[in-house]
Amino acid sequence: MNDDTAPASRYTARLANEIERKWQDHWEEQHTFWAPNPSGALSEGFEQVKGKEKLYVLDMFPYPSGAGLHVGHPLGYIGTDVYARFQRMNGRNVLHALGYDAFGLPAEQYALETGQHPRTATEANIANMRRQLRALGLGHDPRRSVATTDVAYYRWTQWIFLQIFESWYDAEADRARPIAELVADFEAGRREPTGDANPDGTPWSDLDERTRREVVNSYRLAFLNEAVVNWCPGLGTVLANEEVTADGRSDRGNFPVFKKPLKQWTLRITAYAERLLGDLDLLDWPDPIKLMQRNWIGRSVGATIRFPLVDHDEELEVFTTRPDTVFGATYMVLAPEHPLVDALVPDDWPSNTAARWKGEFGADVSPRDAVAKYREFAGKQSEMERQAEGREKTGVFTGAFARNPLTDGDIPIFIADYVLMGYGTGAIMAVPGQDERDWEFAEKFDVPIVRTVAPPDDDFEGPYLGDGPAINSGFLDGLNIADAKHKIGEWLVEHGAGAPTINYKLRDWLFSRQRYWGEPFPIVYGEDGLPRAVPASLLPVELPDLDDFRPAALDPDDAASDPAPPLARAEQWLEVVLDLGDGPKRYLRETNTMPQWAGSCWYFLRYLDPTNEDALVDREIEEYWMPPGGVDLYVGGVEHAVLHLLYARFWQKVLFDLGHVSTVEPFHRLYNQGYIQAFLYRDQRGIAVEAAEVEERDGKFFFNGEEVTREFGKMGKGLKNTVAPDDIYRDYGADTLRLYEMFTGPLDASRPWSTTDIIGVHRFLQRLWRNVVDEDSGEVRVSDEPTDEETRRLLHRTISAVRDDMGDLKFNTAIARLFELNNRLTQVVADRGAAPREVVEPMVLMLAPLTPHVGEELWQRLGRPATLAYEPFPEFDPALLVEDEIEVPVQINGKVRATIRVPSGISDDALEAAARADERIAALLEGATVRKVIVVPGRLVNFVIA
RNA sequence: GCGAGCGUGGCGGAACUGGCAGACGCGUCGGGUUUAGGUCCCGGUGCCCUUCGGGGUUUGAGGGUUCGAGUCCCUCCGCUCGCACCA
């Protein structure tokens with residue numbers, strides 16, 4: 001700062017901005033960061049890098065927000081850029097690019113707010129973000145920057161959807177296969193059509209055309225499913241489970257979400273549950289993220305057991321993890337929405353039905369009324385209320401009974417909202433003796449409780465969940481849980497009453513949204529109302545221009561409203577005449593759009609081959625960059641632990657099964673960057689006030705004279721605590737911002753933004769600059785005289801440490817080492833009047849990944865040819881890391897009493913002798929009994945005295 | 001409630017497989033340069049005593065293992081994240 005009075009060639013913001021622009025232009029013009037592909041359109045220059053090892057470094061796909069970047073956003077991008085530049089200097093052919101995930105709700109809502117078309121707003125946002133990122137000096141290959149909203153990109157998103165639609169999961173082969181192979185199997189009689197679409201199991205040859213289509217559709221990995229979904233009227237769309245928060249609201253916009261049965265596109269991710277779980281072992285990911293995925297997939301081992309209904313032909317199927325306790329199943333519970341409920345409710349209560357079993361709606365209601373009223377009650381409960389602390393079990397008797405297949409006893413069937421339709425079969429056998437929830441319910445409704453595992457003592461209270469011998473369990477008696485489970489499993493299979501089963505918490509992925517700004521489905525409907533694929537040759541299905549793209553205005557609290565996709569209003573677009581093999585016919589297009597996650601499931605594949613019009617990615621190019629295990633380094637925030645990472649893994653596996661990619665996993669190494677946090681201030685009303693204008697006095701904070709409270713959290717426009725990178729570029733330059741963000745902590749840690757701390761790294765750059773360039777004359781002042789031995793040793797120690805740290809993404813400590821070296825260099829310059837080239841050149845090269853503009857500029861001024869991006873990273877001489885003499889602390893009873901200097905290769909005995917010889921130590925040992933001497937070679941000596 | 005992680009100076013953070021706690025930077029104090037402020041340069045800076053030699057103490061709290069613990073083990077407290085009636 002204060003550029004006016006500074007010497008002409010001082011490293012000020014003005015000079016920084018000058019050289020930054022210069023080098024950014026240079027890199028762009030010289031194609032410095034173009035990474036050659038082995039073949040195809042982007043292969044220019046591959047010959048020169050042929051012998052190099054490849055490296056694929058990737059940032060999580062950014063969303064081009066209308067608010068522009070704040071200084072928190074680029075933390076990860078700087079980190080990957082430093083790493084990529086470092087590895088480029090280590091001789092790797094590095095692919096590093098950045099594109100834009102630009103479809104989705106936020107862009108649409110921003111467009112609504114600003115009265116623009118989403119495409120206009122999106123393109124402006126991308127342009128602004130490109131400008132801000134370019135100013136950071138990121139070494140990206142600009143040719144590979146794609147946006148999900150590009151027609152040429154979403155054409156391939158649609159193409160992948162078609163692949164998913166045109167395939168099914170072959171459980172025996174444990175992989176997806178083309179649907180045509182399934183049809184061929186049916187036609188050849190190698191496989192029988194089963195499932196809900198063909199409940200009677202009619203042979204394929206006897207099925208009519210429509211039923212055949214329905215059967216095939218029910219096998220597809222992308223299918224229309226009538227299911228209870230998360231309907232969010234506030235957003236006018238349905239949401240995936242992953243997009244709904246624990247308190248039953250939308251993660252975008254925080255609107256209420258209601259359960260509602262609707263027909264929606266669904267992707268069969270559950271078919272991949274086991275592989276998504278098992279393949280986590282192949283990945284170099286943080287354990288917490290793996291754990292979150294494991295928990296989300298939620299594998300549990302148990303059994304399905306069928307309970308015959310009394311007086312009905314139907315059976316009730318339940319899933320349980322404790323089949324060993326089936327003798328203690330004294331009642332059953334169905335989810336209120338369970339499809340069998342209506343069929344099994346009788347007209348009248350069985351005699352002697354206890355009043356409390358009839359629910360809280362009066363004793364004179366019929367079973368049907370009681371069930372209807374309870375359903376109404378349960379449906380109205382918000383998720384929040386359902387999960388509230390201390391919630392009391394509620395439920396109502398259906399009037400029906402099932403028969404416990406093991407005890408042959410008749411047990412009552414209840415409906416209760418503590419059983420969820422979405423998990424297992426939506427029905428449970430209740431075993432109060434061994435389950436807390438069932439115990440609570442049984443207590444409240446006075447249902448018998450039978451223990452089937454002996455508790456440790458006779459007066460044990462409550463349900464017993466621990467292990468012990470089985471009791472009251474017929475042929476299981478005496479067995480421990482594991483053995484009893486095994487034995488009952490055999491019994492169930494033998495008697496056709498069930499089977500050991502693995503169940504997953506993971507649900508299929510709800511894939512349609514009733515919004516405008518997303519990829520249209522490549523699907524049309526014929527007169528029969530069944531979905532048909534638009535042939536790949538007719539892709540893309542372009543998103544039509546709509547003047548009014550807003551969703552129907554709905555009351556966010558109105559659960560009864562229905563989705564109304566905006567595309568249904570695109571009359572010209574909606575109807576289409578196509579020849580799908582049986583002559584030209586009229587079809588209606590699918591009016592839903594894909595969720596935002598679709599485009600981000602495969603963008604890393606498109607970076608590889610962004611201009612390919614014949615394939616999503618050329619196989620040879622894919623095989624060059626992706627193996628062995630996927631992207632080499634993937635950096636992004638933890639917030640994508642489940643959603644994006646699970647969906648992208650799923651798509652990758654489908655593409656792998658169908659032979660389109662060569663790796664089973666997309667991202668080999670994942671690294672979670674931290675966040676830059678900031679103080680935010682609120683006034684008395686709790687409204688955030690402009691953080692930049694808050695004053696601190698005596699530990700209190702004031703805004704316009706009014707005292708405000710301080711909090712600490714994420715940066716956000718609404719919180720009025722953002723710092724724009726543009727302001728930092730202006731005041732210090734982009735290199736200073738880069739260095740600051742890398743210096744304040746390890747990449748995976750969150751840290752507070754502190755504008756005052758920036759001065760420290762800025763001063764470092766200034767000092768370094770001054771060590772090389774005379775501030776007044778602008779002359780380079782380096783000498784070719786060799787440096788002194790001590791400085792040389794420090795240089796080589798620094799190179800060693802910086803190499804290690806940069807390889808481990810520990811940029812903060814690498815920078816600290818460079819600070820130390822520069823401090824030494826400053827002394828040398830003061831002594832000699834010039835900086836030894838021997839030190840300066842490696843120093844500049846080591847700094848270059850962190851502050852590339854300063855690096856390039858100094859390198860050029862040192863008379864080296866542009867650019868240093870491919871110069872070898874400095875190597876150290878191991879001989880110079882070895883010290884002749886070392887300092888060793890000498891302890892007495894664990895306290896340091898002296899430090900001695902000894903030759904580095906000293907023997908233990910000699911070290912002890914040297915320690916004893918020290919004046920202070922000798923004095924302290926005088927007259928004392930040395931019980932023990934610990935000598936750690938080269939590290940310390942410890943005398944233990946009485 | 002269940003699961004995971006984290007607690008180190010005034011602040012951001014260092015500390016390899018247990019071996020001199022506090023690297024590096026900010027801030028701050030003292031000195032130099034300067035008409036002055038800022039920049040810049042040199043030095044001090046965990047805390048408490050000190051006769052200036054040094055001594056004591058210190059990594060959320062308490063306990064344990066060890067010659068030796070920020071690091072390993074146990075209990076507790078605090079914060080962060082994930083899940084949330086998952087049968």
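- Using a 4.0 Å heavy-atom criterion, one finds that Arg817(A) contacts the bases of the nucleic acid, with or without backbone contacts as well.
- As judged by a 4.0 angstrom heavy-atom cut-off over every strand, Gly894(A) is placed among residues making no nucleic acid contact.
- Because its glycosidic torsion is more than 90° from 0, G18(B) is reported here as anti.
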Distances under 3.5 Å only, N/O to N/O: pair up the protein atoms with those of nucleotides 27-31 of chain B.
unit_1, atom_1, unit_2, atom_2, d
G27(B), OP2, Arg763(A), NH2, 3.2

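- Among the atoms of the strands shown, none is found under 4.0 Å from any heavy atom of Ser754(A).
- Every residue two or more places apart in sequence or in another chain that forms a ring-ring contact (aromatic ring centres under 6.0 Å, His included) with Phe819(A) is listed here: Phe743(A), Phe764(A).
- Contacts of Ser750(A) with the nucleic acid, taken as non-hydrogen atoms under 4.0 Å apart, involve only primed sugar atoms and P, OP1 or OP2.
- Of all nucleotides listed (C24(B), U39(B), A87(B)), A87(B) comes nearest to the side chain of Tyr423(A).
- Comparing C85(B), C20(B), A87(B) by their closest approach to the side chain of Ser300(A) singles out A87(B).
- Pairing of A4(B), defined by two Watson-Crick or G-U wobble distances under 3.5 Å, is identified with U80(B).
- Closest to the side chain of Arg751(A), out of A87(B), G19(B), G12(B), is G12(B).
- The CD atom of Gln766(A) sits 8 Å away from the C1' atom of U39(B) (whole-angstrom rounding).
- Comparing A87(B), G13(B), C41(B) by their closest approach to the side chain of Val419(A) singles out A87(B).
- Comment: Arg901(A) does not engage Glu883(A) in a salt bridge, judged by the lack of any side-chain N to carboxylate O separation of less than 4.0 angstrom.
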Sequence neighbours left out, cut at 3.5 Å: what donor-acceptor pairs do the side chains of residues 298-307 of chain A make with other protein atoms?
unit_1, atom_1, unit_2, atom_2, d
Arg299(A), NE, Glu274(A), OE1, 3.0
Arg299(A), NE, Glu274(A), OE2, 3.2
Ser300(A), OG, Tyr423(A), OH, 3.0
Thr304(A), OG1, Ala499(A), O, 3.4
Thr304(A), OG1, Thr501(A), OG1, 3.0
Arg306(A), NE, Glu315(A), OE1, 3.4
Arg306(A), NH1, Glu317(A), OE2, 3.3
Arg306(A), NH2, Gly496(A), O, 3.0

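- Counting only residues at least two apart or in different chains, salt bridge (Lys or Arg N to Asp or Glu O under 4.0 Å) contacts with residues 936-946 of chain A are absent.
- Counting only heavy atoms from C-beta on, Lys505(A) has its side chain closest to C83(B) among C83(B), A87(B), G82(B).
- Between Ile758(A) atom CD1 and C26(B) atom C1' there is a gap of 11 Å when expressed in whole angstrom units.
- Tyr331(A) and Phe441(A) have parallel rings, their planes meeting at less than 30° on a 0 to 90° scale where 60° marks the start of perpendicular.
- The interatomic distance linking Tyr675(A) (OH) with G12(B) (C1') rounds to 20 Å, in whole Å.
- Listed candidates were C20(B), A87(B), C24(B). Nearest to the side chain of Gln891(A) is C20(B).
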Quiz prompt | Contact state string [nucleotides 50-58 of chain B, B base, S sugar-phosphate only, - no protein heavy atom under 4.0 Å] | solution = ----SSSS-
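- Sorted by first and then second residue, the pairs that involve residues 803-830 of chain A and meet salt bridge (Lys or Arg N to Asp or Glu O under 4.0 Å), not counting sequence neighbours, are Asp788(A)-Arg824(A), Glu790(A)-Arg824(A), Arg803(A)-Glu875(A), Arg817(A)-Glu820(A).
- Proximity of Arg939(A) to the phosphate of G68(B): no side-chain N or O atom is located under 4.0 Å from OP1 or OP2.
- Base pairing of G9(B): no nucleotide in any strand meets the Watson-Crick or G-U wobble criterion (both distances under 3.5 Å).
- The side chain of Leu291(A) has A4(B) as its nearest neighbour among G12(B), A4(B), C40(B).
- Ile900(A) places its CD1 atom 13 Å from the C1' atom of C20(B), with the value rounded to the nearest Å.
- In this structure, Asn823(A) does not reach the C24(B) phosphate: none of its side-chain N or O atoms is under 4.0 Å from OP1 or OP2.
- Within the 4.0 angstrom heavy-atom criterion, only backbone atoms of the sugar-phosphate kind lie near Phe819(A); the bases stay farther away.
- Listed by first then second residue, pairs satisfying salt bridge (Lys or Arg N to Asp or Glu O under 4.0 Å) with a partner in residues 736-761 of chain A read Asp81(A)-Arg738(A), not counting sequence neighbours.
- The Tyr418(A) side chain lies nearest to C85(B) when the options are G82(B), C41(B), C85(B).
- Scored by the salt bridge (charged side-chain N to carboxylate O under 4.0 Å, His left out) test, Arg294(A) finds Asp281(A) as partners (sequence neighbours excluded).
- Look at Arg767(A) and you'll find a side-chain N or O under 4.0 angstrom from OP1 or OP2 of C41(B).
- Using the six-membered ring where Trp is involved, Tyr647(A) and Trp509(A) have ring planes that are parallel, under 30° apart on the 30 and 60° scheme.
- In this structure, Asn893(A) atom CG and G19(B) atom C1' are separated by 15 Å, rounded to whole Å.
- A 6.0 Å sphere centred on CZ of Arg832(A) holds more than 12 heavy atoms belonging to other residues, nucleotides or ligands.
- Nucleotide G9(B) is shown with a syn base, its glycosidic torsion being within 90° of 0.
- Among the protein residues, Leu940(A) comes within range of the nucleic acid bases, having at least one heavy atom under 4.0 Å from a base atom.
- The side chain of Asn942(A) has G68(B) as its nearest neighbour among C85(B), G12(B), G68(B).
- Listed by chain and residue number, nothing satisfies the ring-ring contact (aromatic ring centres under 6.0 Å, His included) test with Tyr504(A) (two or more places apart in sequence, or in another chain).
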